[in-house]
Amino acid sequence: MIDSGKFYASRVLILSGLILVILAGLALRRYGYTIGLPFLIVKYGGSVLWGAMVYLLAALLFVNRRTQLFIIAATCCFAIAVELLRLVHFPALDTFRDTATGTLLLGRVFSPWNILCYFAGIRMAAAITRQFARR
């Protein structure tokens, strides 16, 4: 049985991390070049943060630490599916991709490098949540 105090504290920490990751991703996309960050950091840093965001969203649903491997596997599969979805084109989907929200959530162009970045973000978020869970 999960202690309800720990359960809610875990959710608050995960939600806080999720908000920080989203804000960092938006700031990176908006100000990355302005503050002089290299292209690779701006381009692929956003993908790393996107992977972390997806992991943290899933972790909100499954706070129990014993499900971490499931969360990692599910978010890796989801990340691959989203990247492969970029190879699919039809008018409604392309119209959504042309919006700021669509670009941030789904992207526009397929890149296997993005998949590696998503995995890195998922792994980092999993490691950080594991460290907080141990405390």
Side-chain angles (χ1 to χ4, degrees):
M1 188 90 184
I2 298 173
D3 176 21
S4 64
K6 282 187 175 183
F7 178 78
Y8 291 113
S10 295
R11 284 204 175 217
V12 168
L13 284 172
I14 292 169
L15 182 60
S16 299
L18 176 63
I19 291 168
L20 286 174
V21 165
I22 290 170
L23 291 174
L26 292 172
L28 182 64
R29 290 287 190 215
R30 174 69 175 96
Y31 302 109
Y33 294 121
T34 306
I35 63 172
L37 292 176
F39 169 79
L40 290 176
I41 299 295
V42 177
K43 167 77 173 123
Y44 294 111
S47 295
V48 170
L49 290 169
W50 188 90
M53 177 196 71
V54 171
Y55 175 85
L56 292 170
L57 281 170
L60 273 175
L61 298 174
F62 306 102
V63 175
N64 187 347
R65 198 167 60 108
R66 288 175 277 174
T67 62
Q68 189 174 43
L69 287 177
F70 168 78
I71 296 168
I72 291 169
T75 54
C76 285
C77 290
F78 180 76
I80 291 169
V82 167
E83 193 65 25
L84 290 175
L85 185 63
R86 294 177 185 183
L87 298 172
V88 176
H89 296 278
F90 56 88
L93 185 58
D94 289 339
T95 300
F96 177 66
R97 284 185 182 129
D98 287 338
T99 66
T101 303
T103 299
L104 289 171
L105 292 177
L106 299 179
R108 293 185 183 162
V109 179
F110 174 82
S111 170
W113 295 110
N114 283 341
I115 294 172
L116 294 175
C117 291
Y118 301 151
F119 289 172
I122 290 165
R123 181 66 189 115
M124 285 190 285
I128 291 168
T129 56
R130 180 175 288 200
Q131 288 300 317
F132 274 103
R134 287 183 180 164
R135 292 183 180 175

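The figures that follow rest on heavy atoms only: side chains count, while hydrogens, waters and symmetry mates do not.
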To the nearest 0.5 Å, what is the distance between CG on Leu13 and CG on Leu60? 10.5 Å

Looking only at non-hydrogen atoms, find the nearest pair between Leu28 and Gly46 and report the distance. CD2-N, 3.4 Å

Quick check: do Ile80 and Phe119 have side-chain heavy atoms less than 4.5 Å from each other? yes

Counting neighbours of CZ on Arg97 that are heavy atoms of other residues, nucleotides or ligands and sit closer than 6.0 Å, is the number greater than 12? yes

Does the side chain of Val88 come within less than 4.5 Å of Leu85's, by heavy atoms? yes

Give the cluster check for Leu23 versus Leu37: same hydrophobic cluster or not, with ILVMFWY residues linked at side-chain heavy-atom distances below 4.5 Å. yes

Test item: Thr67 side-chain N/O and Phe70 main-chain N/O as donor-acceptor pair under 3.5 Å: no

Contact check, side chains of Val54 and Ile122, non-hydrogen atoms, under 4.5 Å: no

Are Ile72 and Phe78 co-members of a hydrophobic cluster defined by side-chain heavy atoms under 4.5 Å apart? yes

Parallel, tilted or perpendicular: which fits the ring planes of Tyr44 and Phe39, with parallel below 30° and perpendicular above 60°? perpendicular

Just do the side chain to side chain contact (heavy atoms under 4.5 Å, CB included) check on Leu57 and Leu18 with the steps written out, would you? CA-CA 7 Å; Leu57 281 170; Leu18 176 63; 3.5 Å; yes

Counting N and O atoms only, with roles assigned by atom type, does the side chain of Arg108 sit under 3.5 Å from a partner on the main chain of Arg86, one being a donor and the other an acceptor? no

For Leu49 and Arg29, what are the C-alpha separation, side-chain angles and deciding distance, and is it a side chain to side chain contact (heavy atoms under 4.5 Å, CB included)? CA-CA 11 Å; Leu49 290 169; Arg29 290 287 190 215; over 6 Å; no

What pair of heavy atoms forms the shortest contact from Ile71 to Ala59, and how long is it? CD1-CA, 3.8 Å

Can you find a pair of side-chain heavy atoms, one from Leu104 and one from Leu26, that are under 4.5 Å apart? yes

CG of Leu15 to CG of Leu20, rounded to nearest 0.5 Å, is 9.5 Å

Do Val82 and Val109 land in one hydrophobic cluster if side-chain heavy atoms of ILVMFWY residues count as linked below 4.5 Å? no

For Leu106 and Leu93: C-alpha separation, side-chain torsions, deciding distance, then whether side chain to side chain contact (heavy atoms under 4.5 Å, CB included) applies. CA-CA 10 Å; Leu106 299 179; Leu93 185 58; 3.8 Å; yes

Answer with yes or no whether the hydrophobic clustering places Leu40 together with Leu116; edges join I, L, V, M, F, W, Y residues whose side-chain heavy atoms lie under 4.5 Å apart. yes

Quick one: does Arg123's side chain get under 4.5 Å of Val48's, heavy atoms only? no

How about Phe96: does its CZ atom have over 12 heavy atoms from other parts shown lying under 6.0 Å from it? yes

Could you walk me through whether Glu83 and Trp113 pass side chain to side chain contact (heavy atoms under 4.5 Å, CB included), step by step? CA-CA 10 Å; Glu83 193 65 25; Trp113 295 110; over 6 Å; no

Can you tell if the side chain of Trp50 reaches within under 4.5 Å of the side chain of Asn114, non-hydrogen atoms only? no

What heavy-atom pair brings Ala79 and Tyr118 nearest, and what distance separates the two atoms? CB-CD1, 3.7 Å

